[in-house]
Amino acid sequence: MFLSLSCAHLNNQPSTHKVQRRFKNLLSATSVFILSACSSQPQNSVALQLPTINAPTTSLQSNMTWQLTAMDRRIAHYLIAISDGDDVATLINEKNSTLMLIKTRLQNAWEKQQLNIKDANDSAPKIEIHLIKLLTNVQQNTFSYTQSGQIQIKISLSTQQKHFSKMFSQNYSQEGAFKADVNDLTTNLNTQLTTLLNSITQDTELNAKLRLLNTPI
């Protein structure tokens, strides 16, 4: 009603074309703003791309055949949580199974050390990979953001008589200007996870237990 009256009044003015042009410009600017806002919404899933893990030069060759399993023990299965002060955070999920990627990378590194890993019966020695935590939390402020993350992986070795387990952790924090970028957050998480997996394959104590299984553990 108010819009109709306003337009009728404007039609009686000598500057009708100017007003119409301004009105069209306003509509165009509003449309661009809405489209930009929609396109800038964060993606809801990402895939980590772990590089090849470095394997030590020491050999783990023996007459033992190991069975490798991986278990997801995470409470939160998303990778990134972004909060800007609202009650509901934006959650970024994983496109592919990060657990299976971790298992593949560690298996490749151990096999390079000549560790014999095959599908075996229940009585075979076992290596278990437990993914406990893999999460980056982001606090988004007006002109900056803070990210803090934690990764926890437990490696367990077991035979019928012996058992050994060790927890590996990676904690990190970082600040940035303006709005947090999901691709940058994913790259950082990928780097931190790669660092932790390298520390697992390079761990002296774990390698000693794998190499000297017949010693007390």
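Quick note: numbers below take in every heavy atom, side chains included, and nothing from hydrogens, waters or symmetry partners.
P125 approaches T159 most closely through the heavy-atom pair CB-CG2, 4.0 Å. Taking both residues in full, the closest heavy atoms of I92 and Y78 are given as O-CB, 3.5 Å, listed atom of the first, atom of the second, then distance. Here the closest heavy-atom approach between residue I80 and residue L135 is recorded as N-CD1, 4.1 Å. In terms of heavy atoms, K118 sits closest to T65 at CB-CG2, 3.9 Å. In terms of heavy-atom proximity, E111 sits nearest to I117 at OE2-O, 3.9 Å. Of all the heavy atoms in K209 and L157, the pair that sits closest is CB-CD1, 3.7 Å.
Between the side chain of N207 and the backbone N or O of D203, at least one donor-acceptor pair lies under 3.5 Å. Between the side chain of N188 and the backbone N or O of D184 there is no donor-acceptor pair closer than 3.5 Å. At least one donor-acceptor pair closer than 3.5 Å links the side chain of N198 to the backbone N or O of T194.
Looking at N44 and T90, their side chains never come closer than 4.5 Å, going by heavy atoms from C-beta outward. Proximity of L189 to I151: side-chain heavy atoms (C-beta onward) are separated by under 4.5 Å at one or more points. When side chains are defined from C-beta on, L185 counts as touching I82, because their heavy atoms get closer than 4.5 Å. The shortest side-chain heavy-atom distance between L79 and L134 falls under the 4.5 Å cut-off. Proximity of I127 to L210: side-chain heavy atoms (C-beta onward) are separated by under 4.5 Å at one or more points. The closest side-chain heavy-atom distance from E128 to T69 is below 4.5 Å.
Put simply, NZ on K154 and CE on M167 are 6.0 Å apart, with the number rounded to the nearest 0.5 Å. Atom CG of residue L196 and atom CD1 of residue I200 lie 4.5 Å apart, to the nearest 0.5 angstrom. To the nearest 0.5 Å, the span separating CG on L193 from CD1 on I153 amounts to 5.5 Å. The NZ atom of K95 lies 9.5 Å from the OG1 atom of T186; values are rounded to the nearest 0.5 Å. In this structure, NZ in K103 is found 10.0 Å from OG in S97, a value given to the nearest 0.5 Å. The distance from atom CG of N190 to atom CG of L101, rounded to the nearest 0.5 Å, is 8.0 Å.
Pairs engaging residues 133-148 under the salt bridge (charged side-chain N to carboxylate O under 4.0 Å, His left out) rule: none recorded [sequence neighbours left out].
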Show your working on side chain to side chain contact (heavy atoms under 4.5 Å, CB included) between L206 and T201 and close with a plain yes or no.
CA-CA 8 Å; L206 179 60; T201 59; over 6 Å; no
Step by step, would you call D72 with H77 a side chain to side chain contact (heavy atoms under 4.5 Å, CB included)?
CA-CA 9 Å; D72 199 332; H77 286 78; 3.5 Å; yes
Run Q170 and Q150 through side chain to side chain contact (heavy atoms under 4.5 Å, CB included) and show every step you take.
CA-CA 6 Å; Q170 182 82 0; Q150 186 176 30; over 6 Å; no
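At a threshold of 4.5 Å between side-chain heavy atoms, the hydrophobic network of Ile, Leu, Val, Met, Phe, Trp and Tyr places I102 and I132 in two separate groups. A single hydrophobic cluster is seen to contain both M100 and W110, as judged by linkage of ILVMFWY side chains at heavy-atom distances under 4.5 Å, directly or through other members.
In this structure, a donor-acceptor pair under 3.5 Å is present between the side chains of Y172 and T136.
Under 4.0 Å is where a charged nitrogen must lie from a carboxylate oxygen, and between E94 and R74 at least one such pair does.
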